[in-house]
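I have placed the structure first, in the form of structure tokens, so that the comments after it can refer back to it.
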Amino acid sequence: METSQILPNRLVHFDSFEDYFWKRISKNFLIFSWFGVLLTIIYIPFDYQLHSDSPIFHYILGGRMTTFFFAIMVVLATAHPFFEHRNVLGITTFGTMGFSAVTLTYLLFGNPIHFVVYSWFFYLIATMMLTPLITKKIFFIMEGYQVAFMFAVMIWTNQKEEDIAVFLSLAFPLLGYVFAVVWLNRKNGKEAYKNALQNHVLMSLDSLSNLLNRRT
């Protein structure tokens with residue numbers, strides 16, 4: 001029986017594609033987002049150790065607090081009812097802004113360049129956790145912005161050419177890999193959702209009359 005042949009008013013409720021997968025992703029992602037908040041707090045002692053005697057320390061602390069704010073907003077976008085049906089948009093927006101803040105702080109005030117790489121890996125892991133809910137449009141806007149932003153800040157802050165070359169040589173292959181994971185998971189997710197919907201319909205209707213069965 002094709003699902004397109006079923007009248008909508010004959011079906012019991014079945015989640016949309018986004019709701020179907022969000023219910024399966026949200027709990028684990030909420031734990032991961034709280035871990036991101038924890039990492040933001042843990043980095044503060046390292047900032048203090050490196051820059052406590054520097055007149056720019058309060059700027060660095062301000063950047064860290066901005067990152068902390070956006071990390072909290074990611075948690076709220078994951079769990080708060082206000083963001084219902086807009087969770088992924090909220091998470092990607094606040095996550096991107098938080099990463100921009102920490103990148104600008106690290107590169108502007110001379111923190112070790114590997115801190116930026118660590119933060120970006122964390123950001124990419126979060127992206128992969130949200131599949132299959134990340135669309136191609138969201139991915140290219142989000143990741144394209146990040147690469148362009150990091151490259152521009154590295155140029156602006158006069159980073160070593162070797163560091164810039166290493167960043168670019170890692171960025172594009174890594175983005176290609178992450179995109180392949182996102183695309184494949186979304187494709188498989190659509191197939192899984194289609195099968196789940198079809199099974200739901202078949203279990204809800206009588207095969208002869210095409211009406212709701214007794215259990216439904």
Side-chain angles (χ1 to χ4, degrees), residues 29 32-33 35-44 46-47 50-51 54 56-78 83 86-131 133-183 186:
F29 192 84
F32 185 79
S33 60
F35 181 65
V37 173
L38 179 63
L39 282 180
T40 304
I41 296 172
I42 289 175
Y43 278 147
I44 293 177
F46 292 100
D47 294 333
L50 288 170
H51 302 287
S54 172
I56 63 172
F57 175 68
H58 59 284
Y59 292 110
I60 297 173
L61 186 61
R64 177 63 63 194
M65 290 298 100
T66 302
T67 305
F68 176 77
F69 167 77
F70 283 117
I72 290 293
M73 291 305 298
V74 169
V75 172
L76 292 177
T78 305
F83 292 96
R86 294 171 290 187
N87 303 92
V88 174
L89 180 61
I91 290 168
T92 53
T93 300
F94 295 131
T96 299
M97 293 300 100
F99 179 74
S100 298
V102 75
T103 300
L104 185 61
T105 302
Y106 282 152
L107 296 180
L108 197 58
F109 299 113
N111 287 45
I113 190 69
H114 58 264
F115 278 1
V116 177
V117 178
Y118 293 156
S119 300
W120 196 40
F121 271 105
F122 185 85
Y123 183 84
L124 290 176
I125 291 172
T127 301
M128 289 190 286
M129 286 187 68
L130 286 175
T131 56
L133 297 177
I134 298 289
T135 64
K136 292 180 181 178
K137 182 178 180 179
I138 290 177
F139 179 85
F140 284 117
I141 291 175
M142 182 173 60
E143 301 300 343
Y145 165 81
Q146 288 297 351
V147 172
F149 180 82
M150 290 175 65
F151 178 73
V153 173
M154 291 177 81
I155 295 294
W156 182 43
T157 54
N158 298 315
Q159 298 297 316
K160 296 178 181 179
E161 292 183 1
E162 294 83 358
D163 290 337
I164 297 175
V166 169
F167 164 69
L168 294 176
S169 65
L170 290 175
F172 291 104
L174 187 59
L175 282 181
Y177 169 76
V178 175
F179 174 73
V181 171
V182 170
W183 177 80
R186 187 166 177 83

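Of all the heavy atoms in M128 and Y177, the pair that sits closest is SD-CE2, 4.4 Å. Nearest heavy atom pair, residue V74 against residue F29, reads CG1-CE2, 4.2 Å. The shortest heavy-atom contact between T127 and E143 is OG1-OE2, 3.3 Å. Across I44 and T40, no two heavy atoms sit closer than the pair CG1-O, 3.7 Å. Across all their heavy atoms, W156 and L104 have their closest contact at CZ3-CD1, 3.9 Å. The shortest heavy-atom contact between T92 and L89 is OG1-O, 3.1 Å.
Under the 4.5 Å side-chain criterion, counting only non-hydrogen atoms from C-beta, F69 is not in contact with M65. Two residues are said to be in side-chain contact when any heavy atoms from C-beta on lie closer than 4.5 Å; V102 and R64 meet this criterion.
In summary, the aromatic rings of F70 and F99 are positioned with their centroids too far apart to meet the 6.0 Å limit. Ring centers of F68 and Y43: at least 6.0 Å apart, outside the cut-off.
A distance of 7.5 Å separates CD1 in I141 from OG1 in T135, rounded to the nearest 0.5 Å. Atom OG of S169 is separated from atom CG of L174 by 10.5 Å, given to the nearest 0.5 angstrom. Remark: N87 CG to L76 CG distance equals 11.5 Å, nearest 0.5 Å. The CE atom of M150 sits 4.0 Å away from the CZ atom of F167 when rounded to the nearest 0.5 Å. Between the CE atom in M73 and the OG1 atom in T78 there is a gap of 10.5 Å [rounded to 0.5 Å]. Expressed to the nearest 0.5 Å, how far CD of Q146 lies from OG1 of T96 amounts to 5.0 Å.
Counting only distance, with no hydrogens or angles, the side chain of T67 and the backbone of G63 share a donor-acceptor pair below 3.5 Å.
F83 and F94 have perpendicular rings, their planes meeting at more than 60° on a 0 to 90° scale where under 30° would count as parallel.
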For F139 and W183: C-alpha separation, side-chain torsions, deciding distance, then whether side-chain contact (heavy atoms from CB on, under 4.5 Å) applies. CA-CA 10 Å; F139 179 85; W183 177 80; over 6 Å; no

Under the criterion side-chain contact (heavy atoms from CB on, under 4.5 Å), I'd like the reasoning laid out for L175 against L124: C-alpha separation, chi angles, the key distance, then a yes or no. CA-CA 9 Å; L175 282 181; L124 290 176; 4.2 Å; yes

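By the 6.0 Å contact criterion, CZ on F32 is enclosed, its count of non-hydrogen atoms from other residues, nucleotides or ligands being greater than 12.
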